[in-house]
Amino acid sequence: LSLFGPFYRFLYQHLGANLPVMNLARFSVCFLLILIPTFLMGGTLPILVKHFTRRDPALGRRMGLLYGLNTLGGVLGCLVCGFVLLRVFGMVRATLTAVVLNVLVALVALLLSLREGRGETGEEEAQPAPQPSAAAEAVSPRVVRLVLFGVAVSGFCSLAYEVFWTRMLTLFFRNTVYSFTTILATFLTGIALGSLIYSRWLSRRSDPVRLFILLEIAIALSAYATPYVFIGFHRSFFSLPAEYLMFAKAAAIMLLPTVLM
């Protein structure tokens with residue numbers, strides 16, 4: 001992080017008067033800073049999914065559980081860092097704390113991998129690969145491609161909603177690390193709850209494509225309603241000081257659509 005300080009100051013001194021170019025330069029600096037760690041973070045969940053589903057055909061249930069637990073961990077990390085670590089340790093020590101925790105996770109994963117490697121007896125290779133269900137076989141490749149395209153568009157919209165809700169709520173929360181922590185933690189909480197609900201009650205449905213369609217429609221309707229909820233609470237619920245009921249205010253806007261996501 002400190003290596004980019006002089007570079008950023010140079011950009012600001014020479015581009016500060018040109019706001020569009022300056023914003024592009026700021027984006028480029030942020031992108032270069034977080035590209036590698038976030039790229040690696042994104043690889044951890046697929047590895048776990050591959051590991052825990054290779055002997056289990058119930059991919060949807062396991063995936064929902066893993067994604068929910070992974071996201072709950074993100075909620076806990078967001079809250080602890082935003083409300084505790086930064087205030088107690090400062091930015092440098094809080095970052096080092098996260099680094100140490102990452103190294104500990106790596107060591108635990110390595111020990112578990114070595115222990116599992118010693119315990120394998122070769123049965124896995126002898127087991128037949130799980131056969132696709134009748135519902136999976138009934139889905140045409142064209143439908144699969146359309147669903148994958150829909151998933152990509154849904155992800156695009158989800159993060160666009162998060163930006164929109166952040167801009168909406170910071171009108172009342174003020175632009176502080178606590179407001180950003182509250183908004184992000186609420187967003188992730190909804191994602192985690194939705195994943196766990198799917199894993200527990202909905203993963204065995206025989207019509208996943210229809211469920212996907214219904215969820216996307218429900219997300220659109222609930223997200224469309226959020227500005228009206230925001231306006232309706234403007235003179236009552238949201239008139240309270242920003243320090244009070246921060247999570248309740250964020251949940252009123254974000255929780256339903258994020259659970260559906």
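In what follows, residues are counted from 1 in the order of the sequence shown.
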Output the distance between atom [atom1] ([X]) and atom [atom2] ([Y]), rounded to the nearest 0.5 Å.
X	Y	atom1	atom2	answer
Leu196	Ile191	CG	CD1	11.5 Å
Ser140	Leu146	OG	CG	8.0 Å
Leu214	Asp207	CG	CG	8.0 Å
Leu215	Leu202	CG	CG	7.5 Å
Met261	Leu256	CE	CG	9.5 Å
Thr97	Leu85	OG1	CG	5.5 Å

For [X], is the [atom1] atom crowded, meaning more than 12 foreign heavy atoms sit under 6.0 Å from it?
X	atom1	value
Ile36	CD1	no
Tyr198	OH	yes
Tyr12	OH	no
Phe180	CZ	no
Phe4	CZ	yes

Let me check something: do [X] and [Y] share a hydrophobic cluster, defined by ILVMFWY side-chain heavy atoms less than 4.5 Å apart, either directly or through other members?
X	Y	answer
Val144	Val153	no
Met41	Leu76	no
Tyr161	Val229	yes
Ile217	Phe212	yes
Phe89	Leu101	no

* To do: Give me the ring orientation class for Tyr224 and Tyr228: parallel if the planes are under 30° apart, tilted from 30 to 60°, perpendicular past 60°.
  => tilted
At their closest point, which heavy atom of [X] faces which heavy atom of [Y], and how far apart are they?
X	Y	answer
Glu162	Thr166	O-OG1, 2.7 Å
Thr226	Ile253	CG2-O, 3.1 Å
Leu255	Thr186	CD1-O, 4.4 Å
Leu15	Met22	O-CB, 3.5 Å
Trp165	Ala223	CZ2-CB, 4.3 Å
Tyr67	Ser195	CD2-OG, 3.0 Å

Kindly say whether [Y] contributes a backbone atom to a donor-acceptor pair with the side chain of [X] at under 3.5 angstrom?
X	Y	answer
Ser154	Gly150	no
Ser113	Ala109	no
Thr176	Ser179	yes

* **Chi angles and distances behind the side-chain contact (heavy atoms from CB on, under 4.5 Å) call for Phe52, Met63** => CA-CA 9 Å; Phe52 285 107; Met63 179 67 185; over 6 Å; no
* Determine, stepwise, if the pair Leu45 / Leu66 fulfils side-chain contact (heavy atoms from CB on, under 4.5 Å). => CA-CA 8 Å; Leu45 184 62; Leu66 284 170; 4.1 Å; yes
* Phe7 side chain reached by Leu32 side chain, heavy atoms, under 4.5 Å ->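 No. Closest side-chain heavy atoms not under 4.5 Å.
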* Looking at side-chain heavy atoms only, is the closest gap between Arg142 and Arg145 below 4.5 Å? ->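 Side-chain contact under 4.5 Å: yes.
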